[in-house]
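To find a chain, count down the sequence lines: A is the first, B the second, and so on, and within it residues start at 1.
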Amino acid sequence: MKELKLMKGNEAIAEAAIRAGADAYFGYPITPQSEVLEYLMAEKPHERTGMVVLQAESEVAAINMVYGGAACGRKVFTSSSSPGISLKQEGISYIAGSELPCLIVNVVRGGPGLGTIQPSQSDYFQATKGGGHGDYRLIVLAPSSVQEMADFVKLGFDLAFKYRNPAMILTDGAIGQMMEKVWLEEQQPRMTEFPEWATTGKKPGKERNIITSLDLDSAMQEKFNLKIQEKYREMEENEVRYETFECDDAEYLLVAYGTSARICQKSVQLAREKGIKVGLLRPQTLFPFPKKKISEMASQVKGILSVEMSAGQMVEDIKLSVEGKVKVGHFGRMGGIIHSAEEIVTALEQKIIGG
Amino acid sequence: MTEEIIIAGFGGQGVLSMGKILAYSGIMQDQEVSWMPSYGPEMRGGTANVTVILSDERISSPILDKFDTAIILNQQSMDKFEKSVKPGGMLIYDGNGIIRHPERKDISICRVDAAEEAAKMENTKVFNMIVLGGYLKVKPLVKLENVIKGLKESLPERHHALLPMNEKAIKRGLEIVQKIHEVNS
């Protein structure tokens with residue numbers, strides 16, 4: 001039976017992970033996501049499911065613990081906020097280069113540098129274009145409610161294991177700190193059997209499993225790169241997720257994810273009261289990006305406005321999807337400021353309709 | 001029905017927990033709810049606020065700058081949020097420590113002197129429940145029985161002995177709230 005609770009987004013992630021049968025969490029505190037670690041410590045999942053919760057000595061240590069746990073075929077995850085995620089990038093690249101599954105949660109705060117602890121969406125490039133070195137991608141999920149914070153934990157683990165690739169939940173301080181109703185899934189047992197690639201000890205008559213991201217033979221390394229690229233194309237084919245709101249008769253389109261998408265729903269209502277037929281497309285996966293749907297919408301609407309709490313990052317992917325068919329603009333606030341619903345309508349009028 | 005509320009005051013007045021109880025009460029009558037606190041540097045300097053939305057429909061933006069109801073518990077919050085009440089909306093405030101009283105004529109204004117009442121009850125901790133009672137009287141959107149249920153849900157079990165005292169405070173709030181100014185919304 002599902003259970004109804006009122007929870008913060010950060011708490012929902014923690015509880016959903018316990019219930020998804022996670023084996024371990026390794027993290028280091030940073031605002032605005034410390035509730036993930038705090039909730040797990042208070043909840044003592046070791047007593048419920050045997051799950052390990054460990055506060056590492058640093059972000060770098062935490063991601064390398066994730067690397068180790070993932071190499072053993074375990075369901076492991078970590079969470080942090082922007083500056084902490086930057087510190088984890090080397091490890092994330094190694095995990096992707098070793099084709100290991102794990103879940104990484106980024107509760108984004110304003111940057112660059114230490115920036116601010118208020119919400120932001122300025123880590124889109126880092127999350128979707130490969131924040132570490134090398135040609136790799138993360139599966140990037142963008143929840144816009146506390147319910148999705150919980151749901152995307154299980155989805156993230158499932159996709160990570162399906163593709164042997166790290167998955168990231170890209171959220172922000174607003175959803176992390178906000179409380180909403182959430183239906184929690186029943187407790188799932190932790191895995192008892194592990195994937196055949198996992199380093200669980202050498203079996204008689206079987207070769208050793210070796211987990212590494214190193215291959216000094218360039219021909220082999222290129223072959224490996226082609227293989228993971230193939231995997232990313234497969235994700236683009238099969239794993240695109242999005243939601244549309246008031247799009248059927250839309251003449252203009254807002255594209256927004258996460259907190260911005262929630263505010264844009266209100267902007268759509270306000271604009272429609274003024275007689276502007278506008279709809280909202282909300283990507284739930286940022287990689288793979290809903291290119292096809294945006295391209296389709298570009299044939300229907302007169303203009304598209306990307307709304308992000310950044311200087312304009314996702315707007316580049318929108319432009320690539322639209323391929324010049326219609327005007328694409330960007331509106332966003334930075335440094336932890338959240339745009340108001342009215343501001344977005346004004347931006348739509350000035351930049352797209354009038355511009 | 002959608003009710004968009006801001007509760008604002010000093011840290012320690014129970015602003016966030018009052019919002020949480022209200023949100024739980026909404027859940028008890030099958031409403032959609034959201035609870036969005038101010039966090040971080042905004043809270044340093046002593047002010048705390050929370051936006052609570054109760055609705056029969058899916059909630060769009062949890063972050064707002066105009067409200068149906070503002071519950072204001074100190075002067076700084078009065079300065080900041082009196083102007084944020086929608087025309088025809090409701091402002092409820094505790095007169096304790098207020099130097100500049102609300103002046104708008106296009107909104108309803110109610111006063112609940114909860115700090116004074118809590119002192120009379122010799123329990124300053126129930127202050128926020130008296131305020132909540134005042135709100136429930138002038139905006140009866142959530143049934144009292146659901147608030148009591150919500151209170152039970154949001155209090156850890158080890159504190160359940162405090163339930164009767166909180167219920168008493170809510171009921172006291174229902175009695176002492178006074179209408180200062182009324183507009184038809």
Worksheet item: Using a distance-only test with no angle check, is there a side-chain donor-acceptor pair under 3.5 angstrom linking A/Q177 and A/E35?
Response: yes

Fill in: Proximal component of A/L6, with respect to chain B [non-hydrogen, under 4.5 Å]
both

Discussion item. With no hydrogens and no angle check, just 3.5 Å: does a side-chain donor-acceptor pair link B/S55 and B/E3?
Written reply: no

Practice prompt. Report the distance from atom NZ of B/K83 to atom CD of B/E103, rounding to the nearest 0.5 Å.
Written response: 12.0 Å

Discussion item. Between A/Q121 and A/S260, do the side chains contain a donor N or O and an acceptor N or O under 3.5 Å apart?
Written reply: yes

Discussion item. For the CD atom of A/E148 and the CZ atom of A/R282, what is their distance to the nearest 0.5 Å?
Written reply: 4.0 Å

Worksheet item: Is the backbone of B/N49 close enough, under 3.5 Å, to the side chain of B/S38 for a donor and an acceptor to pair up by distance?
Response: yes

Worksheet item: In terms of heavy-atom proximity below 4.5 Å to chain B, should A/I175 be classed as side chain, backbone, both, or neither?
Response: neither

Fill in: From OG1 (B/T47) to CZ (B/F81), nearest 0.5 Å
8.0 Å

Item to complete: Just grab all the salt bridge (Lys or Arg N to Asp or Glu O under 4.0 Å) pairs involving residues 248-266 of chain A, residues at least two apart or on different chains.
Response: A/E180-A/R262, A/D249-A/R272, A/E251-A/K302, A/K266-B/E4

Worksheet item: Which distance, rounded to the nearest 0.5 Å, do you find between the CG of B/L144 and the CD of B/E167?
Response: 6.5 Å

Worksheet entry | Residues of residues 22-35 of chain B within contact distance of chain A, non-hydrogen under 4.5 Å | B/A23, B/Y24, B/I27, B/D30, B/Q31, B/E32, B/V33, B/S34, B/W35

Fill in: Under 4.5 Å from a heavy atom of chain A, the part of B/I59 involved
both

Worksheet item: Checking heavy atoms, do the side chain of A/S145, its backbone, both or neither come under 4.5 Å from chain B?
Response: neither

Discussion item. Using 0.5 Å steps for rounding, measure from the OH atom of A/Y39 to the CD atom of A/E11.
Written reply: 7.0 Å

Discussion item. Please rank A/I263, A/I338, A/V268 by heavy-atom pairs under 4.5 Å with chain B and give me the top one.
Written reply: A/I263

Worksheet item: By number, which residues in residues 126-140 of chain B have some heavy atom less than 4.5 Å away from chain A?
Response: none

Under 3.5 Å, sequence neighbours excluded: what are the donor-acceptor pairs made by side chains of residues 116-123 of chain B?
| residue | atom | partner | partner atom | Å |
| --- | --- | --- | --- | --- |
| B/E117 | OE2 | B/R172 | NE | 2.6 |
| B/E117 | OE2 | B/R172 | NH2 | 3.3 |
| B/N123 | OD1 | B/K125 | N | 3.1 |

Worksheet entry | Spacing of A/S79 atom OG and A/I85 atom CD1 [to the nearest 0.5 Å] | 7.5 Å

